[in-house]
Amino acid sequence: MTLVFSGIQPTGNLHLGNYLGAIRQWVTLQQQYPCLFCVVDLHAITVPQDPAALRQHIYETAATYIACGINPEKSPIYAQSTVAGHAELAWILSCHAPLGWLNRMTQFKEKAGKDKEKAVLGLYSYPVLMAADILLFQATHIPVGEDQKQHLELARDIAGAFNRHYAQEFFTLPEPLILPQAARIMSLRDGTKKMSKSDPSDYSRITLTDDADTIRLKLRKAKTDPLPLPETVAELEERLEAKNLLTLYAAFKEVTLADAVTAQAGNTFAVFKDTLADVMIEHLAPISTEIKRLLGDVAFLDTVLQKGQQAASARAAGVLNGVKEIIGLPTL
Ligand code: AQP
């Protein structure tokens, strides 16, 4: 049975990258497939988190999914830590994942920084938990951006290794769902870095709860170059910040990058940034209002997360029991 699974870490306010690169795509996907959307809080703690902030970010992430258009009645939303099967299956899979495979993961190398000896084990084994997230539900389709492709490949490899070891076609190999319209959004301060919740500069990102004045201010301060906007897409390869702002314009207007370039060719950045702010504010204002309204109704969010937990647990139980039976562990 087809199932789409995806999630976002509750590591801060969700931003334009999370929206355009993930959640907006999910809203379309839920019309076509059964979906399960997770707030991946166990992944979040692979880097230090403040407990009160983490608790709040879990609610904010769930509220953002709903405010952007995920319907929790149709597509369950839940917190990863409330379904114990994620951690349990991660342990079992870690006993089937050769270290050599994990050593190749580039995200660990980037996130661990220079002093790898001090990096925690969870950061290293993060891709095994991600494999467990997917395989726990026999999810068939995983929306992935460029940065997660390698981890999905590992999930497929681990599933294959398990199947071969026990000579059974138990795990379905998940397929990447490459989303052609999913834009990669870069930092507003540096066109070579992706927009990220953990970037120390608030001015590097626009979050989905930023008000109109803040959006305008952040766009005005966004790094650009002294030239007018280009006439052709080819020129953007040398002008990454211009490319990023035009990518945002194209994403919100739902036109191609080429059409965005044509529409803005020859404009100054000052004029373009004002237009972009108008387009963005019009689109984001209802989302931001809805996030704030939902955060004022914690009882509702608790109910959504609880129902999501029940739906996810029910689906996970069968898979986990199947795994245990194959391995020779007692089942419940
Ligand atoms: N800049 C981006 N452009 C396009 N898509 C993005 N995503 C994140 N940033 C961008 C997509 O959002 C989903 C989940 O993200 P995540 O929060 O679980 O992990 P992340 O990719 O590590 O996001 P951040 O904001 O950079 O978080 P931190 O700072 O905590 O590491 C994924 O589908 C991702 O592609």
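The figures that follow rest on heavy atoms only: side chains count, while hydrogens, waters and symmetry mates do not. Both counts, for ligands and for their atoms, begin at 1 and track the order of listing.
- For His96 and Tyr166, the gap between ring centers is short of 6.0 Å.
- Using modelled atom types, one finds no donor on one side chain facing an acceptor on the other under 3.5 Å when comparing Asp199 with Ser201.
- Taking 4.0 Å as the cut-off between side-chain N and carboxylate O, Arg156 and Glu175 count as a salt-bridged pair.
- Residues Phe170 and His165 place their aromatic rings such that the two centres sit no closer than 6.0 Å.
- The single protein non-hydrogen atom nearest to atom 15 (O) of ligand 1 is Asn18 ND2, 3.4 Å, given as residue, atom name and distance.
- Scanning the protein for heavy atoms near atom 4 (C) of ligand 1, the closest one is Ala183 O, 3.2 Å.
- Near Ser196, the atoms of ligand 1 lying under 4.0 angstrom from a non-hydrogen atom of the residue are 24 (P), 25 (O), 26 (O), 28 (P), 29 (O).
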(request) Evaluate the side chain to side chain contact (heavy atoms under 4.5 Å, CB included) criterion for residues Tyr78 and Phe37: first the C-alpha distance (whole Å), next the side-chain angles of each, then the deciding distance (0.1 Å), finally the verdict. (result) CA-CA 7 Å; Tyr78 72 102; Phe37 295 118; over 6 Å; no
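- For ligand 1, the polar-atom distance check against Ile185 finds a nitrogen or oxygen pair separated by under 3.5 Å.
- The shortest contact between atom 27 (O) of ligand 1 and any protein heavy atom is with Lys197 NZ, 3.1 Å.
- A donor-acceptor pair under 3.5 Å is absent between the side-chain atoms of Asp274 and the main chain of Val271, judged by distance alone.
- Judged by the shortest distance from any of its heavy atoms, His15 lies inside the 4.0 Å radius around the atoms of ligand 1.
- Annotation for ligand 1: atoms under 4.0 Å from non-hydrogen atoms of Gly21 are 4 (C), 5 (N).
- Smallest separation of non-hydrogen atoms from Thr11 and Lys197: OG1-NZ, 2.8 Å.
- Every atom of ligand 1 with a heavy atom of Met195 under 4.0 Å away is listed here by number and element: 1 (N), 2 (C), 9 (N).
- Annotation: atom 6 (C) of ligand 1 to nearest protein heavy atom, Gly17 O, 3.3 Å.
- Inspection of the Gln264 and Thr275 side chains reveals no N or O donor paired with an N or O acceptor under 3.5 Å.
- Remark: distances from the non-hydrogen atoms of Arg184 to ligand 1 include one below 4.0 Å.
- Distances between N or O atoms of Gln148 and those of ligand 1 include no value under 3.5 Å.
- Nearest protein heavy-atom contact of atom 34 (C) of ligand 1 is Asp147 OD2, 4.3 Å.
- Not a single heavy atom of Arg205 sits closer than 4.0 Å to an atom of ligand 1.
- Neither the backbone nor the side chain of Glu110 comes within 4.0 Å of ligand 1, counting heavy atoms alone.
- For the residue pair Glu325/Thr331, the side-chain donor-acceptor check at 3.5 Å is not satisfied.
- Looking only at heavy atoms of the protein, atom 14 (C) of ligand 1 is closest to Ile8 CG1, 3.5 Å.
- Summarising the geometry of Leu135 relative to Thr172, their closest heavy-atom pair is CD2-O, 3.9 Å, with the distance given to 0.1 Å.
- Proximity of Thr11 to ligand 1, defined as any heavy-atom pair under 4.0 Å, is confined to the side chain (atoms from C-beta onward).
- The protein heavy-atom contact nearest to atom 31 (O) of ligand 1 is Lys111 NZ, 3.0 Å.
- Closest to atom 32 (C) of ligand 1 among all protein heavy atoms lies Ala22 CB, 4.4 Å.
- The pair Lys324-Glu88 counts as a salt bridge, with a side-chain nitrogen and a carboxylate oxygen less than 4.0 angstrom apart.
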